[in-house]
Amino acid sequence: MSSGILRIEGRDVPAMSEPFNTILEEIASELELRPLLTSIITRACELLGADGGSIGLYVPRRHTVQVEAIHQLPLTELGMEFEPGEGLIGKVLATGRPVIVDRYGELQHISLPEMREYTVIGVPIPGPGGGLLGVFGIGAPPPRKFGESDLDTLRLFARHAAIAIQNAMRYERERRRTERMTLIAHIARVITAGLEANELAATAAQVIHEHLGYPNVVIPLLYRDEDEEYLLFDGHAGNYDDIVDLSHRMPLTQGVTGAAVLTRMPQIVNDIRKDPRYVPPPIPINVRSELAMPIVLGDEVFGCINIEALNPFDEDDVASIQIIADHLAVAIKNASLSREARQAAVMRERQRLARDLHDAVSQALSSISLMSQSIVPAWRRDPAEGERRARRIEELARLAFAEMRALLRELRPDPSSEAGVSYVENAGVGDVKRMGLAAALQRFAFILAPQTPSIRLDFATYRSQLPSLEERLYLICREALSNAIRHSGADRLDVSAAVNDDVLILSVQDNGRGFDVAARAEVMGDSREQGIGLQTMSERAAALGGVCEVQSQSGRGTTVCIRIPLLATTP
């Protein structure tokens, strides 16, 4: 059922049969690159009656071919990268021509020694302008042998497959551009959430990982002490989030990230094996490329966005991460200015209190001291005058005591304040005043996770409380939500609030990975047995006369429950 003759390099080859047409229609309808490649290698093996095979795409920046899909081969082949001359794929890469080898074991640096007796066939997949797009590598055990007809069939199939692959790659590029725009919009919302620099960096790393799928993302911030400048790696996202629990520091003289901060220029390493600056993590992870983008604003550098991946980084990656770094630089600078403004406000308040102490209490005490020295001589001259002066001392003492009590009330630390001197309204607390606790939490949740995870609020049995109480409840719940969104890997969060028998119960529950509470307490030590975030929530709850309980198991999610006796709270 031939439909014509196709001439390939001087040879006449049957162009298409009915099954061949069906295969081409099938692969042409697939737009997603990974499923397409899997379908192509499966169909290629079926066409040749082969037992297994792989298809790799050419990586120009490294002049290698990376395996992207396999058919009936060990999973270890996925992601393998072959340089010229390595194995079957490397031989095709070195020569640029098809190859048939009767015994796979005759090739150099083979990756599957258990298949050394197989006969194998390798064919390049042509790219635009006569370049290389990828390579087929297919094998079969004895007594199967590949011949010229098999080679012609696979070359013909490779030409048609190349068109489908190029279309899928164009679709992939457009999809990635859309994801980058979505990411940038999400980052813009995150930086307006009023987070501190370390919280902002950790949240941004998680958002970048979730939107663009980079396997490892971390945003170390720059710190200085008396001896050196260093980067503090904290808030990892991706693979590192599962294995790196504690933060660690690295001098600026080390690593690709250090080079990015020192030079204030992006560092793109598309083959870490060839760059001596690369510093592997404590627990090795399979990566091949690293992108380090410094976070710079004017003459100041705040840290670095560090991304590690298997595939090389291109111009679109660099451009989108540059935009995010610029956004983060402004946000971190604003957070620093806000913190400095709060500290300046504290100093102004202390100066005002010092003036008040001098003008009121100090003067009253000075008068008491002088009058007490004259009371005995006055009493000896005239008991009535001595009594009058004694009563005056009593009045001055009462006045000084009242002034001191007023000043002590102003100096008393507010447990809900990070500064510890006076309550400074956090971002989002103003929303509680305007719209209530439930609506404010809903708005905060949307800022951090507009799409995932799904966040459900249940306030059906909740009664509105005094604004001062709801503001403090908001801070507790915000901490729990932020922890769950950043660390749990959950796709659903449930927030509920209820008032039962004069006890207010606030609960934040996720279906994420969870953790062993006892083991975490042992690792962190008694001083940080619940971690900084959980400790903060416990302190805020205790300040309201309540308790914070955490229940979690690995793989079964986490529940944070706050119980506040309403009779114990004050306006």
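The model shown is predicted, which means the values in this text are computed figures rather than measured ones.
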Partner set under side-chain hydrogen bond (donor to acceptor under 3.5 Å, both in side chains) for [X], not counting sequence neighbours:
X: Glu385; value: Arg388, Arg389
X: Arg173; value: none
X: Ser507; value: none
X: Asp326; value: Gln322

Query raised in the report: Should Arg277 and Glu290 be marked as a salt bridge (charged side-chain N to carboxylate O under 4.0 Å, His left out) after you check the CA-CA gap, both sets of side-chain angles, and the distance that decides it?
Result: CA-CA 11 Å; Arg277 299 174 302 173; Glu290 183 173 7; over 6 Å; no
Listed partners of [X] passing salt bridge (charged side-chain N to carboxylate O under 4.0 Å, His left out), at least two apart:
X: Arg556; answer: none
X: Arg224; answer: Glu229
X: Asp458; answer: none
X: Asp299; answer: none

[atom2] on [Y] to [atom1] on [X], rounded to 0.5 Å:
X: His209; Y: His236; atom1: NE2; atom2: NE2; answer: 13.0 Å
X: Leu466; Y: Glu471; atom1: CG; atom2: CD; answer: 10.0 Å
X: Asp510; Y: Leu493; atom1: CG; atom2: CG; answer: 5.5 Å
X: Ser320; Y: Glu315; atom1: OG; atom2: CD; answer: 11.5 Å
X: Ile219; Y: Cys304; atom1: CD1; atom2: SG; answer: 9.0 Å
X: Phe233; Y: Met250; atom1: CZ; atom2: CE; answer: 4.5 Å

Do you know the tightest heavy-atom contact between [X] and [Y]?
X: Gly545; Y: Pro565; result: O-CD, 3.3 Å
X: Leu262; Y: Leu252; result: CD1-O, 3.3 Å
X: Gly557; Y: Ser552; result: O-OG, 3.1 Å
X: Arg540; Y: Ile476; result: CB-CG1, 3.6 Å
X: Leu297; Y: Ala329; result: CB-CB, 3.9 Å
X: Tyr278; Y: Val287; result: OH-CG2, 3.3 Å

Does the side chain of [Y] come within less than 4.5 Å of [X]'s, by heavy atoms?
X: Ile321; Y: Ile324; result: yes
X: Glu470; Y: Ser464; result: yes
X: Glu228; Y: Asp225; result: yes
X: Asp234; Y: Asn198; result: no

Query raised in the report: With sequence neighbours excluded, what pairs up with Phe459 under the ring-ring contact (aromatic ring centres under 6.0 Å, His included) test?
Result: Tyr462
Exam field: side chain [X] to backbone [Y], donor-acceptor pair closer than 3.5 Å:
X: Ser289; Y: Asp271; answer: no
X: Asp317; Y: Asp314; answer: yes
X: Asp491; Y: Asn511; answer: no
X: Gln206; Y: Ala237; answer: no
X: Gln465; Y: Arg463; answer: yes

Can you give me every donor-acceptor pair (side chain of residues 494-506, partner residue at least two apart or in another chain, under 3.5 Å) with its distance?
unit_1, atom_1, unit_2, atom_2, d
Asp494, OD1, Arg456, NE, 2.8
Asp494, OD1, Arg456, NH2, 3.1
Asp494, OD2, Arg492, NE, 3.2

Query raised in the report: In chain order, what residues pass the side chain to side chain contact (heavy atoms under 4.5 Å, CB included) check against Arg380, with sequence neighbours excluded?
Result: Val376
Requested in this report: Take Leu222 and Leu231 through the test side-chain contact (heavy atoms from CB on, under 4.5 Å) and record every step on the way to the result.
Outcome: CA-CA 5 Å; Leu222 178 63; Leu231 290 169; 4.2 Å; yes
Query raised in the report: More than 12 foreign heavy atoms under 6.0 Å from CE of Met265: is that the case here?
Result: no
Requested in this report: Please assess Leu544 against Ile562 for the test side-chain contact (heavy atoms from CB on, under 4.5 Å), listing each intermediate value before the final yes or no.
Outcome: CA-CA 10 Å; Leu544 296 173; Ile562 310 296; over 6 Å; no
Query raised in the report: Should the ring pair Phe313 and Tyr214 be called parallel, tilted or perpendicular, given that the plane angle runs from 0 to 90° and is split at 30 and 60?
Result: tilted
Requested in this report: Go through the steps for Met293 and Val318 under the test side-chain contact (heavy atoms from CB on, under 4.5 Å), then give the verdict.
Outcome: CA-CA 8 Å; Met293 181 67 66; Val318 176; 3.8 Å; yes
**Report entry** All pairs passing side-chain hydrogen bond (donor to acceptor under 3.5 Å, both in side chains) where residues 250-266 contributes a residue, at least two apart
**Finding:** Thr263-Gln267
